[in-house]
Amino acid sequence: MGFLSWILIGLIAGAIAKAILPGKQGGGWIATLILGIIGAFLGGWIGSSLFGASTNDGFFDLVTWIWAIIGSLIVLVIWGFITKKRAK
């Protein structure tokens, strides 16, 4: 799957992860989209490298979306820890 596909998946996965994750994370919608893109790349790497999942099957593959959302959730949790420490 191409670089642009991962960016598009990341934008959508970031919004989904923000809706799933309870509480208020720092940053607006632009930060959420950027974190979603980073999370999609992280999720794709975790899925393919550590678990051997095929994330190259295409844009509409459910496994690709699941790993992108998982990666986005991980990045949003880390971002939440960073912004909470900075606010104190």
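Along the sequence shown, the residues carry numbers beginning at 1. Keep in mind it's a predicted model, so treat the numbers as computed, not measured.
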How many angstroms lie between atom [atom1] of [X] and atom [atom2] of [Y], to the nearest 0.5 angstrom?
{"X": "Trp65", "Y": "Ile16", "atom1": "CH2", "atom2": "CD1", "result": "6.0 Å"}
{"X": "Ile34", "Y": "Leu11", "atom1": "CD1", "atom2": "CG", "result": "9.5 Å"}
{"X": "Leu33", "Y": "Ile38", "atom1": "CG", "atom2": "CD1", "result": "11.5 Å"}
{"X": "Ile9", "Y": "Trp67", "atom1": "CD1", "atom2": "CH2", "result": "14.5 Å"}

In residues 69-76, what donor-acceptor pairs under 3.5 Å come from side-chain atoms, sequence neighbours left out?
from	atom 1	to	atom 2	distance (Å)
Ser72	OG	Gly36	O	3.3
Ser72	OG	Ala68	O	2.9

